[in-house]
Structure formats: structure tokens, C-alpha cells
Amino acid sequence: MDRKRIVCLMALTFVLVCGLAAKNGARAQQSGAPVGIFESHGDVGTVLHEGSVEYDAAKRSYTIAGSGENMWLGSDAFQFVWKKMSGDVTLAGDISFLGKGVNEHRKAVLMIRQSLDGDSPYADVALHGSGLTSLQFREEKGAATHTIQANISAPKRLRLEKRGAYFSMWLADEKGEFHLAGGSTRIALNGPFYVGIGVCSHDKDVVEKAVFSNVELKAATSAAAAVSANTLYSTLEIITVASADRRAIYVAPERFEAPNWMPDGKNLIFNRNGRIEKIPVTGGTPQVIDTGFATRCNNDHGISPDGTQLVISDGSQGDHQSLVYIVPIGGGTPRRITQKSPSYWHGWSPDGKTLAFVGERNGEFDIYAIPAAGGEETRLTTAPGLDDGPEYSPDGKYIYFNSERTGHMQIWRMRADGSEQEQITFGEENDWFPHLSPDGQQMVFVTYDASVKGHPENKDVMLRMMTLKDKKITVLAKLFGGQGTMNVPSWSPDGKRFAFVSYQLVPKESAGK
């Protein structure tokens with residue numbers, strides 16, 4: 001065979017292979033006949049085995065067969081049945097897998113995604129073959145996928161809600177009533193976007209099937225449309241620093257705040273309705289800790305380095321302004337520490353001898369230190385404007401805090417005696433409440449938009465982390481919160497995770513069936 005013919009055959013082969021790959025990667029973008037309430041279907045991403053869907057009009061059910069290596073990291077591969085929509089939507093359905101399955105992480109999903117590209121931004125409620133149920137999301141095109149795991153396994157009926165830029169996961173109980181199952185995430189999707197159901201086998205060589213029945217897709221009421229008619233939900237969450245993945249521990253339709261991680265690594269405490277409550281990190285029913293007469297505890301509380309004492313800030317007595325007290329960790333009669341009010345605790349020195357707190361004196365909020373045994377308070381900051389959130393570094397040499405002395409709130413630090421005050425963050429946003437990891441290498445803090453004054457509740461915020469060695473800042477979570485999200489120390493003893501509270505304003509129509 002002459003060289004010219006060989007070159008032509010090679011070129012033809014290249015064209016055919018590229019055409020097949022392009023067809024495979026773009027299959028979901030080809031239009032097709034409507035499938036039930038959806039417009040079309042196809043494989044998203046690269047799959048080895050073409051997916052399919054069967055619609056039973058009598059049962060209003062969809063049996064989806066899907067392949068695909070995964071829906072994770074920077075790209076997805078799965079069979080998707082979809083409809084283009086805009087605005088706020090809810091998508092619900094009963095989901096059941098067919099057969100035992102090859103991989104326990106095969107997924108059946110309710111999904112909203114920006115495009116049919118494999119690396120598109122999206123959010124979904126994913127039921128895994130193992131029963132694990134999560135809100136999964138990719139914030140930007142090609143970015144890594146993250147997840148918020150529910151503390152409920154193998155629910156029969158699931159719902160995904162989009163309200164504004166926030167996506168949330170709802171799971172039904174045995175009575176068929178929906179309950180919020182975790183925190184929300186904030187992703188900017190532009191309409192129109194794709195709303196639908198899908199299946200991924202989590203094994204490129206396998207096809208798995210799942211049945212979606214009683215599927216409901218409808219426009220939703222915006223949470224911002226009638227704030228007075230909304231219910232506030234609080235979610236206690238744990239985030240793993242290495243992956244930025246989250247897990248919901250406890251959800252309730254009321255406000256609670258400010259978790260501390262107990263030194264045993266097994267329990268968290270938080271405040272609600274003026275009391276301090278304790279809950280296992282695995283979830284369960286919170287138990288109230290006895291704090292005697294102190295029944296107006298606010299969100300400035302914590303635990304001594306040796307784990308034997310609980311410090312609280314409470315406004316039960318006198319003029320009902322906050323004072324700092326210490327209580328045995330198991331509960332008991334509070335011992336008063338600060339004589340002047342208002343005083344709000346924030347830090348305990350590693351040697352257990354000194355407390356750092358914020359006090360308003362003569363109209364100025366500054367940082368003070370006081371012996372844990374009680375005694376005279378020492379003023380550490382004198383700059384005009386608010387200084388807040390003092391927390392000791394693990395070696396006890398520094399106190400980190402937030403200050404608005406530059407014109408907006410930034411993170412600062414100083415020596416434990418108040419000397420050598422220096423600025424740590426320099427962005428345009430407002431940074432609050434620095435918390436140091438147990439090894440002193442990382443700092444997490446709450447960031448508000450530049451337009452926000454103070455640290456109000458119910459705002460768009462970010463949880464950010466700075467690596468102190470190189471001052472590099474990364475975003476760990478975008479959520480609805482602020483006041484109460486992470487006011488006090490909340491790192492796990494091993495330094496791998498920290499706890500926080502996220503919030504959601506939910507229209508009353510979302511609860512129930």
C-alpha cells in the first residue's frame with residue numbers, strides 16, 4: 001500500500017474516532033421526543049454504554065438505565081432526563097434501584113444543572129445504592145464537586161429545591177411528610193437551566209437501573225417574596241477541611257447557634273432559647289446542660305482546655321446585660337467572673353489561667369483579659385471602633401481578633417499582653433471571628449460582603465480558611481448565616497474538621513407533603 005493511501009486511511013480513521021467521541025460526549029444535547037413531563041433525555045459526559053429511559057404513563061414512572069464512571073470531581077457521566085426551566089423550582093420523586101447493583105455508590109439523582117456539558121455547574125439530591133443521601137454540587141464549570149450528607153439513610157421520597165441562588169435537600173418520613181435534611185449551598189445558575197432525573201452506575205463498564213415514580217416538577221415560591229411567612233431553619237453541620245465536604249448533624253425549625261467541639265471529640269454544644277445544649281457528633285436528641293440561674297445564655301460560650309469547665313455569657317441577672325460565668329462541664333451553679341457588663345467571652349488561654357472577652361466600657365467595645373479564677377480585668381485594645389472575637393493561638397503567645405479600625409472589619413492579632421498589634425487579612429470583605437486549628441497552622445473565619453455592617457443574622461456569608469504560613473485563603477463554604485454561624489471556637493480536637501450552623505428561610509409550603 002502506497003504512502004498516500006496510508007495517510008488517507010489514517011485521516012479517515014481519525015475523523016471517525018473524533019466523530020464518535022463527539023457524538024458520545026454531546027448525546028444529551030440532541031433533541032428527542034418528550035418523556036412524560038420532561039422534554040428529552042440523553043447521556044451527559046462520556047459513557048461506554050448508551051443509557052435509556054422508559055416511561056409508564058399509567059404509573060407516571062420513569063425507569064432510567066445509566067452507565068458512567070462517576071458524577072464527581074470535575075466532570076459527570078450519566079443518563080439524564082430533562083426539561084429546560086427558569087426561576088425557582090422544586091423537583092420531587094420516589095426513587096428505588098433495580099437489582100443488587102455492582103457498586104454501592106451507584107447514584108439516582110434529582111438534578112438542576114446549567115448545561116449538558118459534563119463539567120457543568122449543578123446541584124442534585126443523590127441517593128446512593130448504599131443508602132447514603134447527599135446534596136451534591138459543583139459551583140463553577142470544571143470545579144470540584146462537594147457534598148452535604150444527610151443524617152438519614154435510604155429515604156423513599158426525596159425533593160430538591162431551588163430558591164434564588166440557594167439549593168436545599170428535603171426528605172420525606174414514613175408518613176410522606178417532607179423535612180429539611182441538611183444545609184443549603186449557594187450557586188449562581190442562569191436561566192434557562194436543565195431540571196431532571198438521572199442515573200449513574202459509578203462503573204464505566206456497567207449499566208444500572210432506577211425507577212422514579214410520583215415525580216413532581218413545579219415552580220416554587222421565592223423565599224424572598226414573603227419573609228414574614230417564612231420559617232427559619234437551623235442546621236448544625238460538620239465540615240471536613242481537606243475536602244470541604246459537609247455533613248448535617250441536626251436540623252430544627254428554630255434558631256440555635258454557635259457550636260463548640262468538646263475535647264472528647266464525641267460531642268458538640270450549642271445555645272438555644274437561652275440554654276446550652278449537648279449533642280453527639282453523630283446526631284441524636286440534644287440534652288440541656290444545667291446552668292442554674294443562667295437561663296439567658298447567648299452565643300459566646302466555650303470549654304476549658306482541660307475539658308472540665310464550661311464558660312458562658314449570660315444576661316439573666318441585674319440589668320440583664322451579658323456577664324461571663326464558669327460552670328462545671330456537667331452542669332451546676334455558675335461562678336461569676338466579670339464584674340462589669342456587658343461582657344462577652346471568646347477565648348481561653350491554653351494554660352487555663354486567663355479568659356479573653358469583649359467588653360463595652362464607656363461606649364467603646366474593646367478586648368480584655370481576666371483571670372479564670374476571677375479578679376481585675378485588663379484592657380488590651382484601645383483603637384477607636386469595634387474590636388471583637390478574641391481567641392488565643394494554641395501556643396498561647398498571640399490573641400487573634402477582628403477589628404474595624406481600618407474602616408471595615410478585618411482579622412488582626414496581638415501578643416497575649418496586647419502588644420505588637422498587626423493586621424492579618426486585607427480584603428475588601430468584612431471578616432469576623434478567627435478560629436485557630438489545634439496545630440496553629442490554619443485559621444477559619446466568617447466573611448460578609450463589603451456592604452454589610454456589623455455581624456447580622458440571615459446574610460450571605462462565606463466560611464474561609466487561611467493557611468497562616470503563606471497567608472493563602474480558600475473558600476470552604478458559601479451559605480446563609482452570619483450571627484450564630486461560627487462565633488466561638490469550633491475545631492475538632494484532631495484538627496480535621498470544624499462545626500458551624502447554617503440557616504434557611506423556608507416558605508411554609510415546603511413543609512409537609
Is any side-chain heavy atom of I303 less than 4.5 Å from a side-chain heavy atom of M262? yes

Any donor-acceptor pair under 3.5 Å linking the side chain of S304 with the backbone of T308? yes

Within 6.0 angstrom of E69 CD, more than 12 heavy atoms from elsewhere: no

Is it true that a side-chain atom of T381 and a backbone atom of A383 form a donor plus acceptor pair closer than 3.5 Å? no

Salt bridge (Lys or Arg N to Asp or Glu O under 4.0 Å) involving D124 - partner list, sequence neighbours excluded: none

Taking the six-membered ring of F178, is the NZ or CZ of R159 close enough (under 6.0 Å from the centre) and on axis enough (within 45°)? yes

Euclidean distance, T185 OG1 relative to L479 CG, rounded to 0.5 Å: 8.0 Å

Run the ring-centre check on Y250 versus F256 and record whether the distance is less than 6.0 Å. yes

Salt bridge or not between E161 and R163? Use side-chain N to carboxylate O under 4.0 Å. yes

Please identify each residue that fulfils salt bridge (Lys or Arg N to Asp or Glu O under 4.0 Å) with R405, with sequence neighbours left out. D387

Here the gap from C297 atom SG to N271 atom CG, rounded to the nearest 0.5 Å, amounts to 7.5 Å

Can you check side-chain contact (heavy atoms from CB on, under 4.5 Å) on I249 and E237, steps first, answer last? CA-CA 6 Å; I249 302 302; E237 300 189 55; over 6 Å; no

Is any side-chain N of the basic residue among D449 and K459 closer than 4.0 Å to the acidic one's carboxylate O? no

Do the side chain of D431 and the main chain of F445 share a donor and acceptor less than 3.5 angstrom apart? no

Under a 3.5 Å distance rule, please check whether S316 uses its side chain to pair with a backbone N or O of T295 as donor and acceptor. yes

Does a side-chain heavy-atom distance below 4.5 Å link P390 with Y400? no

With heavy-atom distances below 4.5 Å as the criterion, would you say the side chains of L127 and K107 are in contact? no

Which residue pairs pass the salt bridge (charged side-chain N to carboxylate O under 4.0 Å, His left out) test with at least one member in residues 250-277, sequence neighbours excluded? E254-R272, R255-E257, R255-E457, R272-E277

Any chance you could measure R464, atom CZ, to I473, atom CD1, to the nearest 0.5 Å? 4.5 Å

If a pair satisfies salt bridge (charged side-chain N to carboxylate O under 4.0 Å, His left out) and one of its residues is in residues 478-506, list it, with sequence neighbours excluded. E139-K478

Does any part of the side chain of T447, heavy atoms only, come nearer than 4.5 Å to the side chain of V461, both counted from C-beta? no

Would you call D314 and R296 a salt bridge, using N to O less than 4.0 angstrom? no

Using ring centroids (six-membered ring only for Trp), state whether F357 and Y344 fall under 6.0 Å. no

Is the Lys NZ or Arg CZ of R413 less than 6.0 Å from the centre of F401's six-membered ring, within 45° of the axis? no

Per ring-ring contact (aromatic ring centres under 6.0 Å, His included), W491 is matched among F498, W261, F500 by F498

Tell me whether the centres of the aromatic rings in H301 and F270 are closer together than 6.0 Å. no

CG on L268 to CG on N260, rounded to 0.5 Å: 8.5 Å

Just by distance, do the side chain of Q317 and the backbone of L323 share a donor-acceptor pair under 3.5 Å? no

Could you tabulate the donor-acceptor pairs under 3.5 Å formed by side-chain atoms of residues 278-294, not counting sequence neighbours?
from: Q287; atom 1: NE2; to: T285; atom 2: O; distance (Å): 3.4
from: D290; atom 1: OD1; to: G292; atom 2: N; distance (Å): 2.9
from: T291; atom 1: OG1; to: A294; atom 2: O; distance (Å): 2.7

Side chains of T147 and L135 in contact at under 4.5 Å (non-hydrogen atoms): no

Roughly how far, to the nearest 0.5 Å, is the CZ atom of F433 from the CG atom of D300? 7.0 Å

Does a salt bridge link R106 with D203, judged by any charged N lying under 4.0 Å from a carboxylate O? no

Student check: side-chain heavy atoms of I399 and W412 closer than 4.5 Å: no

With K340, which residues qualify under side chain to side chain contact (heavy atoms under 4.5 Å, CB included), at least two apart? R361, E377

Between S322 (side chain only) and S343 (backbone N and O only), is there a donor and an acceptor less than 3.5 Å apart? yes

Should the pair D119-K141 be classified as a salt bridge under the 4.0 Å nitrogen-to-oxygen rule? yes

